[in-house]
Amino acid sequence: GLKYAAVTSPLKETAWSISNKNTPASAELKSANTLYVNGAELFSHNTDLDGFKELTLMIKPTDKIAIWGGGGTLDMMKRVLPEAHLFSSQTGQLRNTSQIALAEYDYLIWAAPRSELTQFPSDDLRINAVIDLNYRENSMGLEFAASRKIDYTSGLNMFKLQAEKQRVFWSDSERK
């Protein structure tokens with residue numbers, strides 16, 4: 001009887017791969033956070049890009065950006081912020097070894113889970129503000145921002161916009 005599903009990591013790529021009808025957004029990202037079941041048809045959609053764009057509206061093209069973690073959302077974030085420096089949240093090192101870490105970043109995009117393996121950025125990195133993909137009160141991104149006494153933006157608005165776009169997809173009468 002399942003008709004609608006919201007999908008979270010780490011199952012977004014699997015959800016996309018098992019669907020037989022993909023929207024351009026899910027096909028482009030090869031990832032789905034939204035499913036609609038209609039008999040034998042499994043429609044996939046992805047609202048991550050819209051949500052992330054909304055979350056990062058305050059970023060200017062000249063701002064220096066670091067992304068901490070990311071896993072399955074990295075490709076989506078790189079589409080919005082192609083110049084960002086990508087850091088592994090487990091090693092604290094840049095993922096692209098040809099890049100050199102800056103001494104200061106305007107924004108750190110926190111995209112890492114609360115985990116024993118997740119590290120905080122080095123004290124050598126000066127961060128002016130954190131934009132968190134997480135919206136929970138126990139986010140390590142929130143903890144990091146509080147410890148540094150820097151501005152913090154929760155991922156709650158991203159989550160709300162994603163949910164709004166999912167409801168639109170689920171109620172699309174043309175697809176049914």
Side-chain angles (χ1 to χ4, degrees), residues 1-61 63 65-82 84 86-87 89 106-115 118 129-146 150-176:
L2 177 71
K3 286 294 224 185
Y4 315 107
V7 181
T8 60
S9 290
L11 299 175
K12 291 179 181 185
E13 289 82 13
T14 301
W16 175 79
S17 70
I18 64 170
S19 62
N20 53 18
K21 301 277 185 176
N22 301 301
T23 64
S26 66
E28 177 184 349
L29 296 170
K30 295 182 177 47
S31 171
N33 71 343
T34 310
L35 296 175
Y36 171 73
V37 181
N38 187 14
E41 295 179 315
L42 181 58
F43 294 84
S44 74
H45 184 49
N46 193 308
T47 64
D48 288 342
L49 195 57
D50 290 330
F52 188 67
K53 285 178 182 177
E54 177 75 18
L55 183 64
T56 58
L57 280 175
M58 76 284 281
I59 295 177
K60 299 183 295 288
D63 286 337
I65 311 300
I67 296 176
W68 197 258
T73 61
L74 271 179
D75 285 341
M76 178 273 300
M77 289 187 287
K78 288 190 310 188
R79 290 175 197 276
V80 178
L81 302 169
L86 312 176
F87 286 85
S89 64
D106 297 298
Y107 292 97
L108 176 83
I109 308 294
W110 190 274
R114 176 168 286 284
S115 161
T118 301
V130 172
I131 299 174
D132 199 346
L133 268 58
N134 198 329
Y135 50 88
R136 295 182 180 183
E137 291 180 15
N138 74 341
S139 167
M140 288 182 75
L142 175 58
E143 185 179 335
F144 174 74
I150 57 178
D151 287 342
Y152 174 82
T153 301
S154 165
L156 186 58
N157 284 340
M158 177 178 173
F159 177 72
K160 287 179 178 178
L161 182 70
Q162 286 175 298
E164 181 182 316
K165 298 275 186 179
Q166 286 174 319
R167 284 191 300 274
V168 169
F169 176 75
W170 290 327
S171 64
D172 182 358
S173 60
E174 291 181 22
R175 186 194 57 256
K176 297 175 188 172

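The chain is numbered in sequence order, starting from 1. Below, each value reflects all heavy atoms present in this structure, side chains not excepted, and no hydrogens, waters or symmetry copies.
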(request) Take L81 and F52 through the side chain to side chain contact (heavy atoms under 4.5 Å, CB included) test and state the conclusion after the steps. (result) CA-CA 10 Å; L81 302 169; F52 188 67; 3.8 Å; yes
(message) Show me the pairs that pass side chain to side chain donor-acceptor pair (under 3.5 Å) and involve residues 65-80, at least two apart or across chains.
(response) E28-R79
(request) Report yes if the side chains of T47 and F169 come closer than 4.5 Å at any heavy-atom pair, otherwise no. (result) no
(request) Just jot down the side chain to side chain contact (heavy atoms under 4.5 Å, CB included) partners of N22, sequence neighbours excluded, or say none. (result) W16, S19, S26, A27, S44
(message) With a 4.5 Å cut-off on side-chain heavy atoms, are R136 and R114 touching?
(response) no
(message) Under the criterion side chain to side chain contact (heavy atoms under 4.5 Å, CB included), I'd like the reasoning laid out for F144 against L108: C-alpha separation, chi angles, the key distance, then a yes or no.
(response) CA-CA 10 Å; F144 174 74; L108 176 83; 3.8 Å; yes
(message) Within the 4.5 Å heavy-atom criterion, are M158 and D50 side-chain neighbours or not?
(response) no
(message) I need the F159 CZ to E54 CD distance, nearest 0.5 Å.
(response) 15.0 Å
(request) To the nearest 0.5 angstrom, please state how far the CE atom of M76 sits from the NZ atom of K30. (result) 15.5 Å
(message) Please find the pair of heavy atoms, one from V130 and one from G141, that lie closest to each other, and give the distance.
(response) CG1-O, 4.0 Å
(request) Please list, chain by chain and in numerical order, all residues satisfying side chain to side chain contact (heavy atoms under 4.5 Å, CB included) with A146, sequence neighbours excluded. (result) none
(message) Using a 3.5 Å distance criterion without hydrogens, assess whether the side chain of T118 forms a donor-acceptor pair with backbone atoms of P113.
(response) yes
(request) Ignoring hydrogens and angles, state whether a donor on the side chain of Q162 or D48 is under 3.5 Å from an acceptor on the partner side chain. (result) yes
(request) Could you list the residues that satisfy side chain to side chain contact (heavy atoms under 4.5 Å, CB included) with E13, not counting sequence neighbours? (result) S31
(request) Check whether the side chains of T23 and H45 place a donor and an acceptor atom closer than 3.5 Å, and report yes or no. (result) yes
(request) Scan I67, I109, I65 and name whichever one has a side chain to side chain contact (heavy atoms under 4.5 Å, CB included) with L86. (result) I67
(request) Have a look at Q166 and tell me which of L161, T34, L35 forms a side chain to side chain contact (heavy atoms under 4.5 Å, CB included) with it. (result) T34
(request) Name the orientation class of the two ring planes belonging to F43 and Y36 (parallel below 30°, tilted from 30 to 60°, perpendicular beyond 60°). (result) tilted
(message) Would you compute the distance between atom CD of E143 and atom CG of N134 and round it to the nearest 0.5 angstrom?
(response) 12.0 Å
(request) Output every pair passing salt bridge (Lys or Arg N to Asp or Glu O under 4.0 Å) with a member in residues 150-164, not counting sequence neighbours, ordered by first then second residue. (result) none
(request) Of all the heavy-atom pairs spanning S139 and W110, show the shortest one and how long it is. (result) OG-CD1, 4.4 Å
(message) Suppose we screen for side chain to side chain contact (heavy atoms under 4.5 Å, CB included). Which residues come up paired with T153, at least two apart in sequence or across chains?
(response) L55, M58, I131
(message) Does any part of the side chain of M77, heavy atoms only, come nearer than 4.5 Å to the side chain of L133, both counted from C-beta?
(response) yes
(request) Any chance you could measure W170, atom CH2, to Y4, atom OH, to the nearest 0.5 Å? (result) 9.0 Å
(message) Taking the basic N atoms (NZ, or NE/NH1/NH2) and the acidic carboxylate oxygens, is any pair closer than 4.0 Å for D63 and K60?
(response) yes
(request) Say whether, by atom type as modelled, one donor and one acceptor occur between the side chain of D132 and the main chain of S154 under 3.5 angstrom. (result) no
(request) Report yes or no: does N46 contribute a side-chain atom to a donor-acceptor pair with the main-chain N or O of K12 at less than 3.5 Å? (result) no
